[in-house]
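On a predicted model such as this, the values are computed, not experimentally measured, just so you know. Sequential numbering from 1 along the given sequence is applied to the chain's residues.
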Amino acid sequence: MSNIKSVSLKLLAALALLMILFQTDSISQVRKLTLDEAIKTALENNSDTRIAVMEVNKARAAVREAYGYALPSVGVSANFSHFLEKPMMAFPDFGALLVNSANQYLYDNKFTFQKTDGSIAPMTFEEYEKNKVPMETVLQSFALSNNYEAKVEVQQILFNSAVFTGIGASAKYLQTSEEMLHSKVSKTVLQVKKAFYGIVLAKEAVSIAKLSLENFENHLSNVRALYNGGLAAEYNVLQAEVQVENFKPVVLDTENGLKNATEGLKMLLKIDKDTEIDVDGNLIYQEISVANANELIAEANKKNKDIKTLESKIEVDEAFVDLDRSDWWPSVAAFGNYSINGSSDDFNFMNYRQSMVGVAITMNLFNGNRTTNKVQQSSIERMKTEEQLSQLKNLITLQIKTKLNELDRVRQNLIAADRNIELAEKTAKIANVGFSNGTRTQLEILTAETQLRQAKTNRMQSVYAYIVTLSEIDELVGNINPEYIKMVLKNENNK
């Protein structure tokens, strides 16, 4: 029996140790994030910012490519060919031409020669006409079976409007890509702030709900004590129990709201779904001085990332107009080549070299008005961007004014909320004391507790709205920590 007990105790001890280790491991998996850590995590994992960084890198490569067109190009080529059947050409019969030429030479100069009968004498006219061979065209080949060529070619652009305009256009495209990246980072930071403080707000809502539940449970205990002392009716006890049970779903709803807010932040940060996270932050109202509407609008027109992106795109559109116009201008290029060639029928090549330098000028005189229509299309695209920029500026002006009005409303709500909390706390205290004295009803306690909870909730929501509105104003005027931009570029380039 003692051995069995000893084994059982050891098993229990081992089981307890495993439970402790499991709980410790579970606790260690909770990742607590500050606002800055959440922002950096989002910027590191966010697809929009990563795509924007890729566009910046692509634009940088485009700039290098554009400069490459202005540099000399060097090419090497080599080829070897063997004729399975040599090409033939129709050409006069050289044999007949040679015989006729020789006979005519002998006849014209009266040279003597040994004739077919053995005699030696000059050629007579009859003999000349008799020996004349008819001239015909025959197929002949002048090619050798094996041929090779090795060539080096160099070309340097001296003037090409498209090349020089393309360099400027690529640089402006790079600037546009960088502004777009800044815009993506700014929007990501705002999204993280909203989600982060949304979790803080949800945690506060859970705390308020749990505190209210605790107050209802304390009230239930007091009512039971009064009932046991004969100072309260059983109805009052039942009513208090109903209040407690009815309020428990409210606590569950706030806890579910916290879970949903947390999952939303995890999705934004692209954190594994099995990783538990928590946030380290508070909803604290701190009055911050904000410039007036005109100053904010002027600052937004200079620094807003979306505005700067469109302004940069207008420059890109103008560069494309100039690029299309470049088809009207001539292109001048210097060139040179050096080659080694050889031909043979039996691989005993006859080799020779040749080299050449020169200048080539090309200019389009007429291409069916394609260039004119291309210029018109790119000009219309620029005008469209200008209209988009005008609309965006008007929208941002409206948004800034709306956010400033929202700040004023939130400030007024906070003043009223502080006063309401003070009054609700007094009301709840009076209701609880009065119920104990028999001068107040349970309905008054329920009403007072509900009002206090609502007042606290309203204040926290107003603080959240105040913080988020300030963040939205920062995003509208283009205020962003430059370290976030550097971090995004560094992280992506290190991959």
Side-chain angles (χ1 to χ4, degrees), residues 39 43-44 46-71 157 160-191 296-327 374-375 377-397 399 474-495:
I39 291 173
L43 293 177
E44 184 176 354
N46 185 270
S47 298
D48 289 340
T49 55
R50 294 181 65 181
I51 292 172
V53 171
M54 293 177 192
E55 284 295 331
V56 172
N57 292 335
K58 176 183 174 182
R60 287 174 179 165
V63 172
R64 294 192 293 269
E65 179 190 7
Y67 276 103
Y69 286 108
L71 299 176
I157 297 293
N160 188 308
S161 181
V163 170
F164 301 138
T165 304
I167 293 174
S170 63
K172 289 181 173 62
Y173 173 62
L174 172 59
Q175 180 183 352
T176 303
S177 300
E178 291 173 343
E179 295 296 345
M180 190 176 299
L181 171 62
H182 297 174
S183 176
K184 295 296 184 182
V185 171
S186 180
K187 286 177 169 54
T188 301
V189 170
L190 177 59
Q191 289 176 343
L296 290 175
I297 291 170
E299 186 176 2
N301 287 333
K302 293 179 182 178
K303 295 169 54 180
N304 180 273
K305 304 308 177 185
D306 291 333
I307 288 178
K308 291 180 71 67
T309 298
L310 284 182
E311 288 176 342
S312 182
K313 185 177 182 299
I314 289 175
E315 295 180 1
V316 173
D317 292 340
E318 291 174 348
F320 275 107
V321 173
D322 294 336
L323 191 62
D324 291 335
R325 288 194 180 115
S326 65
D327 289 346
K374 283 170 60 180
V375 171
Q377 292 177 65
S378 53
S379 298
I380 292 173
E381 187 65 28
R382 182 195 60 197
M383 290 186 288
K384 285 171 56 180
T385 307
E386 289 174 346
E387 287 296 325
Q388 291 172 353
L389 177 60
S390 177
Q391 291 177 353
L392 179 61
K393 286 184 175 180
N394 292 334
L395 177 61
I396 289 176
T397 296
Q399 289 177 334
D474 279 340
E475 196 271 335
L476 287 172
V477 300
N479 291 333
I480 185 173
N481 187 347
E483 293 300 320
Y484 293 147
I485 304 289
K486 295 179 182 178
M487 187 205 74
V488 169
L489 291 172
K490 181 179 178 181
N491 289 343
E492 193 63 31
N493 291 332
N494 287 338
K495 293 182 178 179

Between [X] and [Y], what is the shortest heavy-atom contact and its length?
X: Ile396; Y: Ala300; answer: CG2-CB, 3.9 Å
X: Ala66; Y: Gly166; answer: CB-O, 3.8 Å
X: Val488; Y: Val53; answer: CG1-CG2, 3.2 Å
X: Ala70; Y: Val163; answer: N-CG1, 3.8 Å
X: Ala59; Y: Leu174; answer: CB-CA, 3.5 Å
X: Tyr69; Y: Ile157; answer: O-CG1, 3.8 Å

* With side-chain hydrogen bond (donor to acceptor under 3.5 Å, both in side chains) as the test, would you mind laying out the steps for Thr165 and Asp322 before giving the verdict? => CA-CA 7 Å; Thr165 304; Asp322 294 336; over 6 Å; no
* To do: Evaluate the criterion side chain to side chain contact (heavy atoms under 4.5 Å, CB included) for residue pair Met383 and Ile380; output intermediate values, then yes/no.
  => CA-CA 5 Å; Met383 290 186 288; Ile380 292 173; 3.9 Å; yes
Kindly write out the residues that satisfy side-chain contact (heavy atoms from CB on, under 4.5 Å) with [X], not counting sequence neighbours, or none if the list is empty.
X: Ser390; value: Asn394
X: Gln191; value: Leu268
X: Lys302; value: none
X: Glu381; value: Lys313, Asp317, Lys384

* Within 6.0 angstrom of Phe320 CZ, more than 12 heavy atoms from elsewhere -> no
* Walk me through it: do Ile480 and Lys305 pass the test side chain to side chain contact (heavy atoms under 4.5 Å, CB included)? => CA-CA 10 Å; Ile480 185 173; Lys305 304 308 177 185; 3.8 Å; yes
* Mind checking what makes salt bridge (charged side-chain N to carboxylate O under 4.0 Å, His left out) contact with Asp327, not counting sequence neighbours? -> Lys374
* To do: Taking Thr49 for its side chain and Leu43 for its backbone only, find out whether a donor-acceptor pair lies under 3.5 Å.
  => yes
* To do: Could you tell me whether the side chain of Ser312 and the main chain of Lys308 form a donor-acceptor pair under 3.5 Å?
  => no
* Scan Arg60, Glu55, Glu315 and name whichever one has a side chain to side chain donor-acceptor pair (under 3.5 Å) with Tyr173. => Glu55
[X] [atom1] to [Y] [atom2] distance, which is reported to the nearest 0.5 Å:
X: Ile297; Y: Asn304; atom1: CD1; atom2: CG; value: 12.0 Å
X: Asn57; Y: Ser177; atom1: CG; atom2: OG; value: 9.5 Å
X: Arg64; Y: Ile167; atom1: CZ; atom2: CD1; value: 14.0 Å
X: Asp474; Y: Lys303; atom1: CG; atom2: NZ; value: 9.0 Å

* Determine whether Glu299 and Leu296 make a side-chain contact, defined as any pair of heavy atoms from C-beta on separated by less than 4.5 Å. => yes
Would you tabulate the side-chain donor-acceptor contacts of residues 178-186 under 3.5 Å, counting partners in other chains and residues two or more places apart, or write 'none'?
residue: Ser183; atom: OG; partner: Lys187; partner atom: NZ; Å: 3.4
residue: Ser183; atom: OG; partner: Asp306; partner atom: OD1; Å: 2.5

* Derivation of the side chain to side chain contact (heavy atoms under 4.5 Å, CB included) call for Asn301 and Lys393 -> CA-CA 7 Å; Asn301 287 333; Lys393 286 184 175 180; 3.8 Å; yes
